[in-house]
Amino acid sequence: MIQRIQTLFLLLGIVACLVCVCFPIAELRGEGVTIPALMYNGCVVAEQGSSLAVASAVLIPLFALLVLAAAVGLWTIFTYKHRPRQMKLCMYAICLLVVWYATLAFVALTQMPEGATFHPLFATALPLLAICLFALARRSIHKDEQLVRSADRIR
């Protein structure tokens, strides 16, 4: 059934991923720069005259991981007839979001220009919220699977 609580959790997790794609995830400030640059999933937007630059190719995986996690979450909703597959897909989405955090840490620690500091913004917490929502969805799917198995055992 598609109208279950796990569908709501999955939809909220997808929305959290897509909102994170749209909003800036960090602010980059330099020693001699008065105007900060905003880092999005995929690019860095800096005002004219700013010397901060991060290669966009390094940030593209952040965008791809979030979009892929949202797509896996959407696929999970429509595989409601196969609960074991749904549980696996939830775990795949969670793993993709954990890899997103690892990639963000890599970018923040190694790819920043000299003198730039990394200041995370609110959108950085949204994948963590999505992880929690996907875990709640997986738990609800597991409960449904146990309920179906116990009903089959009674027959």
Side-chain angles (χ1 to χ4, degrees), residues 2 4-80 82-143:
I2 204 164
R4 303 290 294 170
I5 189 70
Q6 58 262 25
T7 305
L8 181 65
F9 290 144
L10 290 168
L11 281 174
L12 290 174
I14 292 167
V15 168
C17 289
L18 295 179
V19 167
C20 185
V21 168
C22 298
F23 286 105
I25 56 173
E27 185 178 47
L28 305 177
R29 297 182 192 152
E31 292 174 356
V33 179
T34 59
I35 302 171
L38 294 175
M39 184 169 77
Y40 289 84
N41 290 296
C43 66
V44 174
V45 177
E47 295 291 328
Q48 293 283 351
S50 177
S51 63
L52 293 175
V54 176
S56 293
V58 176
L59 298 174
I60 296 297
L62 293 173
F63 176 79
L65 286 167
L66 279 178
V67 171
L68 192 59
V72 168
L74 189 63
W75 183 23
T76 304
I77 291 173
F78 292 108
T79 58
Y80 58 89
H82 305 283
R83 285 173 299 278
R85 184 183 303 158
Q86 271 189 317
M87 288 188 287
K88 287 180 187 176
L89 289 173
C90 284
M91 285 306 298
Y92 294 153
I94 290 170
C95 290
L96 286 170
L97 293 171
V98 169
V99 170
W100 183 86
Y101 274 112
T103 306
L104 181 66
F106 171 75
V107 169
L109 294 175
T110 62
Q111 301 298 318
M112 290 297 115
E114 291 181 29
T117 57
F118 181 86
H119 300 280
L121 298 174
F122 170 73
T124 308
L126 291 175
L128 183 62
L129 176 66
I131 288 172
C132 295
L133 289 167
F134 286 139
L136 286 171
R138 186 184 184 286
R139 189 178 81 180
S140 297
I141 295 165
H142 184 68
K143 284 182 181 179

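Quick note: residue numbers are just sequence positions, from 1.
For residues 83-108, the set of pairs meeting the salt bridge (Lys or Arg N to Asp or Glu O under 4.0 Å) definition, not counting sequence neighbours, comprises R83-E145. The list of side chain to side chain donor-acceptor pair (under 3.5 Å) pairs with a residue in residues 13-26, not counting sequence neighbours, is empty. Screening residues 59-75 for side chain to side chain donor-acceptor pair (under 3.5 Å), with sequence neighbours left out, gives no hits.
Judged purely by atom type and a 3.5 angstrom limit, T110 has no side-chain atom pairing as donor or acceptor with the backbone of V107.
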Give every donor-acceptor pair under 3.5 Å between a side-chain atom in residues 122-129 and any protein atom, sequence neighbours left out.
from	atom 1	to	atom 2	distance (Å)
T124	OG1	I25	O	2.5
T124	OG1	L121	O	3.2

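With sequence neighbours excluded, the residues satisfying side chain to side chain contact (heavy atoms under 4.5 Å, CB included) with V99 are L65, T103. Among residues two or more places apart in sequence or in another chain, the side chain to side chain contact (heavy atoms under 4.5 Å, CB included) test is passed with A137 by Q6, F9, L10, C90. Residues satisfying the side-chain hydrogen bond (donor to acceptor under 3.5 Å, both in side chains) criterion with H142, sequence neighbours excluded, are Q146. For A108, the side chain to side chain contact (heavy atoms under 4.5 Å, CB included) partners are F118, not counting sequence neighbours. A130 meets the side chain to side chain contact (heavy atoms under 4.5 Å, CB included) test with A16, C17, L97, F134; sequence neighbours excluded.
Of all heavy-atom pairs between M91 and R138, the closest is CG-NE, 3.3 Å. Nearest heavy-atom pair across I5 and S140 is CG2-OG, 3.6 Å. Residue L18 comes nearest to A70 through the heavy atom pair CD2-CB, 4.0 Å, listed as atom of the first residue, atom of the second, then distance.
The distance from atom OG1 of T7 to atom CD1 of I141, rounded to the nearest 0.5 Å, is 8.0 Å. To the nearest 0.5 angstrom, L38 atom CG is 8.0 Å from L28 atom CG.
Two residues are said to be in side-chain contact when any heavy atoms from C-beta on lie closer than 4.5 Å; L104 and M39 meet this criterion. With contacts defined as side-chain heavy-atom distances shorter than 4.5 Å, the pair L96/W100 does not qualify.
Residue Y101 places its OH atom among more than 12 non-hydrogen atoms of other residues, nucleotides or ligands, all under 6.0 Å distant.
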